[in-house]
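The structure appears below as structure tokens.
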Amino acid sequence: MSKKLGLPAQMGIGMLLGVVVGAMAPSMSLDASWFKPLGDIFITLVRMVVVPLVFCTLIAGAAAVCDVRKLGRVATKTLLYYILTTAAAVTIGLIIANLMNPGEGLNISLEGLKPKSKDAPPLLKVLMDIIPLNPIEALSKGNMLQVIFFALLFGFGLSMLGEKGRPAYQFFDACGQAMINVTAIVMKYAPIGVFGLMAFTVAKHGLNVLLPLGKLLVVMYIAAALQVLLVYLPCAKYAGHTPKSFFGGLIEPLIIAFATTSSAAALTSNMIAVQKMGAAKSVSSFSIPLGNTINMDGAAIYMGVAAIFAAQVYGIPMPIDKQLTVLLLAVLASIGSMGVPGAALVMITMVFTQVGIPLEAVALIAGVDRVMDMARTSINVLGDATGALFVTKLEGEDLNEC
Ligand code: ASP
């Protein structure tokens, strides 16, 4: 009797089949664009769940917190964890790139490449933008920081009502759980979605596109692996996880992140996974959506690696003070990145401009960005998950236990 394959295994098969079909596509005259709709449907389905899920679970989570000071403590620890692990990520990226010299001796014509640029928004504006003028607009636009801000306040307001607020609390709690069920339904499509995404990526970025910048890719993947080994696994161990239980628990969000290159698409699956792995609901319902928006360790590694790569291609010296500037800016730029494909490629222009790297370099890296983004997004998602497990362990108890 055959046993039914679990979802992660089905997604793994979808991914492998996608790679094979994508690799064969050119010889069968199949265009990459044929596979795209399969993947796009998946991304839209999973992103559809995010705003209602985050809104409802955060309201219910905040309303159930017995001691608001505890939530403040969780927020402080979470933010500290985010900043320290992101700084570690850029540092690892910079060190590995300095050791392996991905851009040295590269003979690539930069002629005709068109730079795109983005100015960093002023910090004050970023902070003020967290407050929504109209919460409904924040919801409809999916502005995650504004949704988090309003949902937390609304949850506190609800808990101040005491018994009277109970029906509303139960309503939002039930809606949150319903959205988790919606996710489970949507995820049934994941193996096909993952197949479409991988087939599209491989058909579009065949080996001939990737090879010239192969060393850059190798450096990025080594740095990403080191971030896992040196930062996440020790934190997960502290939270009581072995590498096996850590990766086993997070396999679904990881495959989604890798295939979609959008951590926003992996958000729901990540939140459900860490809760199953023991992260407190009160911590993860807040820290996963927040981390999804501001904690981007993968993007930070990438900025360190790409800055050294581009400087080497152009023969621009990168003394230690310039590398420290890259470190600082990469932390800020990764906070400003969004969980959508290619976000860090746009934000990196801010780093390049500051350290005098010509923006044409962005166009040069763009050719292989998708493959870099797969590693980035996986790390972005792992970083958030590890944070939720780590902070739960630091707190030692669930915030909802009075
Ligand atoms: N694609 C990444 C994410 O969704 C963002 C980036 O680094 O470009 O997390």
Side-chain angles (χ1 to χ4, degrees), residues 39-40 42-44 46-47 49-51 54 82 85-86 89-90 92-93 116-118 120 142-145 193-194 197-198 200-201 204-205 216-217 219-221 223-224 227-228 232 250 252-271 273 287-307 309 326 329-352 361-363 365-388:
D40 285 351
F42 178 57
I43 296 186
T44 314
V46 278
R47 292 202 60 185
V49 189
V50 170
V51 170
V54 169
Y82 285 166
T85 50
T86 306
V90 202
I92 290 175
K116 16 175 180 169
S117 103
K118 178 170 170 81
N143 184 323
M144 204 45 74
L145 289 182
V194 168
L197 286 160
M198 292 309 294
F200 169 71
T201 307
K204 185 154 179 239
H205 307 262
L216 174 65
L217 299 179
V219 170
M220 176 73 206
Y221 276 77
Q227 173 80 1
V228 175
Y232 300 153
L250 293 172
E252 277 183 31
L254 261 181
I255 296 182
I256 300 180
F258 188 79
T260 62
T261 65
S262 163
S263 46
L267 193 160
T268 317
S269 166
N270 207 20
M271 191 147 119
S287 74
I288 296 284
L290 182 70
N292 201 269
T293 327
I294 67 167
N295 182 42
M296 300 260 173
D297 297 351
I301 295 177
Y302 164 80
M303 293 194 202
V305 169
F309 167 81
V326 170
L329 287 171
V331 172
L332 293 177
S334 74
I335 292 174
S337 282
M338 289 191 307
V340 295
L345 184 69
V346 180
M347 290 306 283
I348 206 173
T349 55
M350 174 183 141
V351 179
F352 283 4
V362 175
I365 303 169
V368 292
D369 191 64
R370 178 87 191 189
V371 182
M372 306 262 273
D373 205 356
M374 290 165 141
R376 274 196 323 251
T377 312
S378 307
I379 293 293
N380 290 345
V381 165
L382 271 187
D384 297 344
T386 311

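Counting starts at 1 for both ligands and their atoms, following the listed order.
- Within the structure, the closest approach of Ser262 to ligand 1 falls below 4.0 Å when heavy atoms are considered.
- Counting atoms of ligand 1 from 1 in the listed order, those under 4.0 Å from a heavy atom of Gly339 are 3 (C), 4 (O), 9 (O).
- For ligand 1, the atoms sitting less than 4.0 Å from at least one non-hydrogen atom of Ala299 are 7 (O), numbered in the order shown with element in parentheses.
- Within the 4.0 Å heavy-atom criterion, the part of Asn380 lying near ligand 1 is the side chain and not the backbone.
- The shortest N or O to N or O distance between Met296 and ligand 1 is not below 3.5 Å.
- Close contacts between ligand 1 and Met338 involve ligand atoms 5 (C) [criterion: under 4.0 Å to a heavy atom].
- No heavy atom of Gly298 sits closer than 4.0 Å to any atom of ligand 1.
- Residue contact check: Ala344 has heavy atoms under 4.0 Å from atoms 6 (C), 7 (O), 8 (O) of ligand 1.
- A donor and an acceptor atom, one from each side chain of Asp297 and Thr86, are located under 3.5 Å apart.
- Residue, atom and distance of the protein heavy atom nearest to atom 3 (C) of ligand 1 are Ser263 OG, 3.2 Å.
- We find that Arg370 and Asp373 are not joined by a salt bridge, their nearest charged nitrogen and carboxylate oxygen being 4.0 Å or further apart.
- Nearest protein heavy-atom neighbour of atom 7 (O) of ligand 1: Arg376 NE, 2.8 Å.
- When each atom of ligand 1 is checked for a heavy atom of Thr261 under 4.0 Å away, the hits are 1 (N), 4 (O).
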